[in-house]
Amino acid sequence: MPALQPVRGTRDILPEDMRRFRQVVDTAQDLCARYGYREMATPIFEFTEVFSRPLGETSDVVSKEMYSFTDRGGEQITLRPEATAAVARALLSQGLAHELPLKFFCHGPMFRYDRPQKGRWRQFHQINVELLGVADPLGDVEIAALGWHILEELGVRARTTMELNTLGDAESRQAYRSVLVDYFSDHRGKLSQDSQARLTRNPLRILDSKDEGDKEIAAGAPALTAHLNQASVDFFAIVREGLDALGIAYTLNPYLVRGLDYYSHTIFEFTTEDLGAQASVLGGGRYDGLIELLGGPATPGVGWAAGIERLSMLMAAPPPGPGPIAVVPVGAQAQLKALSVTQDLRRAGFAIELGFSGNLKKRMKRADKLGARAAILMGEDELAQNAATVRDLESGQQELVPLDALCERLAKFR
RNA sequence: GUGGCUGUAGCUCAGUUGGUCAGAGCACCGGUUUGUGGUACCGGGGGUCGUGGGUUCAAACCCCAUCAGCCACCCCA
């Protein structure tokens, strides 16, 4: 252990940050429920195959970003770099392929051995939604609408742009891929180093290159739209009609490509300019071939993932909840009584702070720092009358309240 | 994995060409007020100047390495 510091690319989430984090998850969960997406969870590690097969051996994630290790039993294990493949595996493991369609929501940590940067960590957190067993393009529309809705509810939608594209079905994608490889191979010498590597790994990515030279060459590349078969064209038309009908604005980006092999048809990404190089906030699409790649029956699927940290960075912190009520015993004799009063009030639903030590002054300071709205003072005088002094910390007014009337009198501070 | 910038108290930062340079504000703790918080005043604790080497009579300040952060590439959430 080099020092008392978190492992590179990981971080602690302290209560102040956790409020945003919580807000993202709670909002997503609430809206997902409205759309019929039920929460589930998969383990955070799987057999390496679960990811390497569907994502593609040549994908960046599999070839260089996975946290993999051999466990004590000799199994090849990988900390999940994404959720979709794991959810698909769960579908097969649990025999759920007979209960389609299914709608799932899940959230949790993901792991990728990337170089850390603003908005990019080695352990990060995502919310995910998956719609399984629906081949209809209206499924794509619902999935996108859910993402849009969540961003809207979090107050960040206006800071994003929805980019949309289609890769066509497997047949169209294969055809286009070979045309593209032919075209770029003719210009191989003029391509950037990165793009020359992409030529074999993921030629579609060259279209999305930021290199100026690549951009020029890409501009002359054959367009995907010309190589879509009729079924793919029709499919995409319905997706767009659906989005239009819902008033969901998007920008068609023919160069939008996703890094994972399993995508087909609709792909989309909500991007922002406010997170530096990490533009993508929420991204996904259709993955009709994924389940088959894992050895299951041909099963259509659509879904997306969104980065909780990235969303957190874009949104305003939710307002803090109401402060607690502080119980303040005065003198040793009042300790036990204060303890039991505290417990009674907590059982009655109040948020109560009872300090562990300190004199009256220290306890009052502490109560103030915690944002307490009221203090309940209990000393000899109060004990003698079986009562407590309730002080409103905002107005400074206080009054003697019999213990059995405490709950009633505190109602306004709840 | 590649390139660039940065690294001084919990936080935000000062620190002049290497020679009382280890500081400020905020935060924290205590006191003024031994049954009463927020304000004010007074006082206090806390840093082997990221780490390890080197140069020098002398290094927070120069050199090298390493770790970490940031920015970009790459990739994606």
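These numbers come from a predicted model, not from an experiment. The analysis underlying the following values was restricted to heavy atoms, covering all of them including side chains, and did not include hydrogens, waters or symmetry mates. Residue numbering restarts at 1 for every chain, and letters A, B, ... go by the order of the sequence lines.
Pair assignment for B:A65 gives B:U51, based on Watson-Crick or G-U wobble hydrogen-bonding distances that are each under 3.5 Å. Across all strands shown, B:G1 forms a Watson-Crick or G-U wobble pair, both distances under 3.5 Å, with B:C73. Look at B:G46: it lacks any Watson-Crick or wobble partner with both distances under 3.5 angstrom. The pairing partner recorded for B:C13 is B:G23, the criterion being a Watson-Crick or G-U wobble arrangement whose two distances lie under 3.5 angstrom. Summarising the base pairing, B:C41 is matched to B:G31 through a Watson-Crick or G-U wobble pair whose two defining distances lie under 3.5 Å. A 3.5 Å limit on both hydrogen-bonding distances identifies no Watson-Crick or G-U partner for B:U36.
Rounded to an integer number of Å, the gap from A:Glu382 CD to B:G35 C1' is 8 Å. What separates CZ of A:Arg80 from C1' of B:A77 is a distance of 13 Å, to the nearest Å. The separation between A:Leu55 atom CG and B:C75 atom P is 16 Å, rounded to whole Å. The nearest whole Å value for the distance from the CZ atom in A:Arg366 to the P atom in B:G30 is 11 Å. In this structure, A:Asp214 atom CG and B:C74 atom C1' are separated by 13 Å, rounded to whole Å. Taking atom CZ of A:Phe124 as the reference point, atom C1' of B:C75 lies 11 Å away to the nearest angstrom. Regarding A:Asp381, its CG atom lies at a distance of 13 Å from the C1' atom of B:U36, rounded to whole Å. Between the CD atom of A:Glu163 and the P atom of B:A77 there is a distance of 13 Å, rounded to whole Å.
B:U8 and B:A60 have their C1' atoms separated by 7 Å, with the value rounded to a whole Å. The separation of B:G35 from B:C28, taken at their C1' atoms, amounts to 26 Å, rounded to a whole angstrom. Distance noted for atom P between B:A27 and B:A72: 34 Å (whole Å). Atom P of B:C5 sits at a distance of 31 Å from the matching atom of B:A77, rounded to the whole Å. Taking atom P on both B:G25 and B:U6, the two are 28 Å apart, rounded to the nearest angstrom. Comparing the same atom, C1', in B:G47 and in B:C21 gives a spacing of 13 Å after rounding to whole Å. Taking the C1' atoms as reference points, B:A9 lies 14 Å from B:G15, given to the whole Å. Comparing B:C62 with B:G18, their C1' atoms sit 8 Å apart, to the nearest whole Å.
A:Tyr250 pairs with exactly one of A:Thr161, A:Asp244, A:Asn165 by the side-chain hydrogen bond (donor to acceptor under 3.5 Å, both in side chains) rule, that one being A:Asp244.
The side chain of A:Arg198 contributes an N or O atom lying less than 4.0 Å from OP1 or OP2 of B:C75. OP1 or OP2 of B:G30 lies within a sub-4.0 Å distance of a side-chain N or O belonging to A:Lys362. Between A:Arg8 and B:G69 there is a side-chain N or O to OP1 or OP2 distance below 4.0 Å. One finds no side-chain N or O of A:Lys365 lying less than 4.0 angstrom from the OP1 or OP2 phosphate oxygen of B:U39. Taking 4.0 angstrom as the limit, A:Lys361 places none of its side-chain polar atoms (N or O) nearer than this to OP1 or OP2 of B:G35.
In the region residues 104-116 of chain A, proximity to RNA chain B at under 4.0 angstrom, judged on heavy atoms, holds for A:Arg112, A:Asp114, A:Arg115.
Taking every side-chain heavy atom of A:Leu393 into account, B:G37 is the closest of B:U36, B:A77, B:G37. Looking at the side chain of A:Lys369, the nearest of the listed nucleotides B:C74, B:G35, B:C29 is B:C29.
If A:Arg120 and A:Asn359 are placed on RNA chain B by their nearest nucleotide, the residue sitting closer to the 5' end is A:Asn359. With the nearest nucleotide of RNA chain B identified for both A:Asp368 and A:Val281, A:Asp368 has the one nearer the 5' end.
Under 4.0 Å is where a charged nitrogen must lie from a carboxylate oxygen, and between A:Asp169 and A:Arg173 no such pair does. Look at A:Arg366 and A:Glu353 and you find no salt bridge, because none of the NZ, NE, NH1 or NH2 atoms lies under 4.0 Å from a carboxylate O.
Checking A:Gln76 against A:Thr70 by side-chain atom types alone, a donor-acceptor pair falls below 3.5 Å. Side-chain polar atoms of A:His149 and A:Tyr35 form a donor-acceptor pair below 3.5 angstrom. The closest side-chain donor-acceptor pair between A:Tyr37 and A:Glu130, if any, does not fall under 3.5 angstrom.
Residue A:Gln193 is out of contact with every strand shown, counting any heavy-atom pair closer than 4.0 Å. Contact annotation for A:Gly283: backbone-only contact, meaning every heavy-atom pair under 4.0 Å involves sugar-phosphate atoms and none involves a base. Residue A:Ala367 is classed as having no contact, given no heavy-atom separation below 4.0 Å to the nucleic acid. When heavy atoms are screened at a 4.0 angstrom cut-off, A:Gly284 is found touching no nucleic acid atom at all. As judged by a 4.0 angstrom heavy-atom cut-off over every strand, A:Gln398 is placed among the base-contacting residues. A:Gln123 comes within 4.0 angstrom of nothing in the nucleic acid, heavy atoms only. Within the nucleic acid shown, A:Gly119 comes within 4.0 Å of at least one base atom, counting heavy atoms only. As judged by a 4.0 angstrom heavy-atom cut-off over every strand, A:Glu309 is placed among residues making no nucleic acid contact. Residue contacts shown for A:Leu311 are absent, as no nucleic acid heavy atom lies under 4.0 Å away. Counting any heavy atom pair closer than 4.0 Å across all strands shown, A:Gln117 reaches a base atom.
Atom CD of A:Glu216 has 12 or fewer heavy atoms from other residues, nucleotides or ligands within 6.0 Å.
Two rings, from A:His125 and A:Phe21, have their centers less than 6.0 Å apart.
Side-chain contact check for A:Met66 versus A:Leu55: every heavy-atom pair is 4.5 Å or farther apart. Put simply, the side chain of A:Gln123 does not reach to within 4.5 Å of the side chain of A:Met110, judged on heavy atoms. When side chains are defined from C-beta on, A:Phe105 counts as touching A:Ile127, because their heavy atoms get closer than 4.5 Å.
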